[in-house]
Q: 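My questions all concern the structure below.
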Amino acid sequence: MAAPITVRVQLEDFDLAAEVSALRRGRTDIGAVVSFSGLCRNEAGALNALELEHYPGMAEAEIRRICHEAVTRFDLQGATAIHRFGRIAPGENIVLVIAASPHRQAAFDGANFIMDFLKTSAPFWKKEHHADGSAGEWVSARDVDDAARERWED
Amino acid sequence: MAAPITVRVQLEDFDLAAEVSALRRGRTDIGAVVSFSGLCRNEAGALNALELEHYPGMAEAEIRRICHEAVTRFDLQGATAIHRFGRIAPGENIVLVIAASPHRQAAFDGANFIMDFLKTSAPFWKKEHHADGSAGEWVSARDVDDAARERWED
Amino acid sequence: MSTVNLVYFSWVRERIGKGEETLELPADVFTIADLLAHLKTLGAEYEAALEHENVIRAAIDQEHVAHGEPIAGAREIALFPPMTGG
Amino acid sequence: MSTVNLVYFSWVRERIGKGEETLELPADVFTIADLLAHLKTLGAEYEAALEHENVIRAAIDQEHVAHGEPIAGAREIALFPPMTGG
């Protein structure tokens with residue numbers, strides 16, 4: 001049975017439970033499901049919202065490539081990745097990744113791998129909108145994210 | 001704000017979405033939520049059900065100790081661990097672990113750590129019930145689980 | 001002599017044939033290892049359950065302990081195989 | 001001369017002042033690096049956007065490419081800063 005891969009890039013919120021259920025439905029061979037939810041975080045109350053810009057078409061294609069790589073590498077039974085765009089308020093969802101496997105470490109590694117590559121190679125850019133109404137800055141890429149990605153090279 | 005720790009050992013199923021919502025509710029400082037669902041898996045259709053025996057009292061206490069350790073070690077913003085007992089059919093939930101953090105790797109590590117210690121030190125024992133009605137065997141502890149636990153020693 | 005509550009789980013419970021019991025322990029039973037040796041003198045079912053002492057895990061008052069742990073003051077001692085939850 | 005569709009994102013888009021455009025490229029523009037050098041001759045807004053060439057990422061037909069990649073046959077070339085999604 002081919003491992004189902006679900007990729008969506010969307011304005012609206014997603015439903016963690018529905019996505020996990022869709023991956024599990026009708027199967028009794030899955031032993032572990034790991035989900036990662038990435039949220040808009042408000043450090044010290046200074047943030048009003050994040051604005052997520054993306055490259056339509058390539059965003060979906062790149063995330064799909066990453067999921068395929070993860071499924072192959074960790075022998076996953078399924079992978080889901082949903083990334084939102086547009087204006088996202090603190091406490092709201094930005095991204096969801098789910099990995100299913102017979103074994104727990106592969107599920108953890110699969111979800112972790114997808115997130116590391118998604119952060120550094122999926123074409124999304126975050127701009128901050130401040131609570132005081134001041135013009136927002138584009139979020140800078142962080143070296144720690146590149147380092148996280150590089151640990152998967154062997 | 002103290003990181004909330006939720007631990008339950010129960011016969012009935014749990015609700016992933018409800019548990020994640022409870023951890024996130026009213027907060028805008030969480031950046032990452034990782035969930036792990038451990039499922040009863042039917043290899044080659046030979047399993048009718050798992051019977052989960054536990055040590056009441058110690059099971060909760062031990063899981064709580066593990067969650068406290070994870071919260072301290074990875075500076076988590078919250079942790080949830082729910083473990084079922086009794087008869088569990090293939091495809092059903094056995095265990096749920098959730099970790100929340102400002103940063104994605106700490107959330108992954110927190111959930112992974114809790115699972116590794118839960119498998120090797122929480123007092124639960126699995127017995128298999130075969131589909132053909134034959135007497136079940138107690139599941140043997142696996143060296144790979146001890147190895148997984150030992151990687152956290154530094 | 002001291003009195004202690006013992007609880008057993010999984011195949012230790014099945015082989016001994018009961019889940020719990022209260023025993024009077026001789027004065028020379030100081031540690032978990034002493035307790036295991038003493039139990040094995042109580043019958044074939046205990047011998048079968050505790051034959052491979054190195055795989056038997058113990059808890060005193062619901063905390064894991066090593067076989068060298070003194071049992072003085074214990075209210076409840078649990079014996080069980082390696083855990084397989086999760 | 002060849003015609004190519006260019007798309008820009010994030011602060012590259014903001015500094016250039018548009019999200020997309022179609023340009024005729026001189027015959028000596030073979031690679032992404034050549035394209036960046038050419039664009040910087042088109043005005044101060046391109047110079048500001050592409051000043052630090054080493055941080056500019058490129059994609060040809062929606063796949064990441066290095067600056068040395070030939071652009072022959074490209075339908076769409078995208079230029080953007082390092083990504084910050086997830």
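Residue numbering restarts at 1 for every chain, and letters A, B, ... go by the order of the sequence lines.
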Q: Under 4.5 Å, counting heavy-atom pairs only, tell me which of B:Gly38, B:Ala99, B:Pro102 racks up the most with chain A.
A: B:Pro102

Q: With chain A as the partner, which of B:Ser37, B:Gly91, B:Ser35, B:Ala32 has the greatest number of non-hydrogen pairs under 4.5 Å?
A: B:Ser35

Q: Is any side-chain heavy atom of A:Asp145 less than 4.5 Å from a side-chain heavy atom of B:Arg104?
A: yes

Q: I'd like to verify something: which residue of A:Pro90, A:Ala17, A:Ala89 has the highest number of heavy-atom pairs under 4.5 Å with chain B?
A: A:Pro90

Q: For the CG atom of B:Asp29 and the CG atom of A:Leu39, what is their distance to the nearest 0.5 Å?
A: 10.0 Å

Q: Decide side chain to side chain donor-acceptor pair (under 3.5 Å) for B:Asn93 and A:Arg24; before the verdict, give the C-alpha distance in whole Å, the side-chain angles of both, and the deciding distance to 0.1 Å.
A: CA-CA 11 Å; B:Asn93 290 310; A:Arg24 290 174 56 166; 2.7 Å; yes

Q: With a 4.5 Å heavy-atom cut-off, do B:Arg41 and A:His103 have their side chains touching?
A: yes

Q: Look at B:Asp116, B:Thr28, B:Val97 and state which one has the largest set of heavy-atom pairs under 4.5 Å with chain A.
A: B:Thr28

Q: Please determine, among B:Ala18, B:Gly26, B:Gly31, the option with the most heavy-atom pairs under 4.5 Å with chain A.
A: B:Gly31

Q: Pick from B:Asn42, B:Asn112, B:Leu16: which one has the most heavy-atom pairs with chain A under 4.5 Å?
A: B:Asn112

Q: So what's closer than 4.5 Å to chain A heavy atoms on B:Ala111: side chain, backbone, both or neither?
A: both

Q: Check whether A:Val20 gets within reach of chain B through its side chain, its backbone, both or neither, counting any heavy atom under 4.5 Å.
A: side chain

Q: Would B:Val34 and A:Val34 count as a side chain to side chain contact (heavy atoms under 4.5 Å, CB included) here? Give the steps.
A: CA-CA 7 Å; B:Val34 168; A:Val34 168; 4.1 Å; yes

Q: Please classify the contact of A:Ala107 with chain B as side chain, backbone, both or neither, using a heavy-atom distance under 4.5 Å.
A: neither

Q: A:Gln105 versus chain B, heavy atoms under 4.5 Å apart: side chain, backbone, both or neither?
A: side chain

Q: Run the ring-centre check on B:Phe108 versus A:Phe36 and record whether the distance is less than 6.0 Å.
A: yes

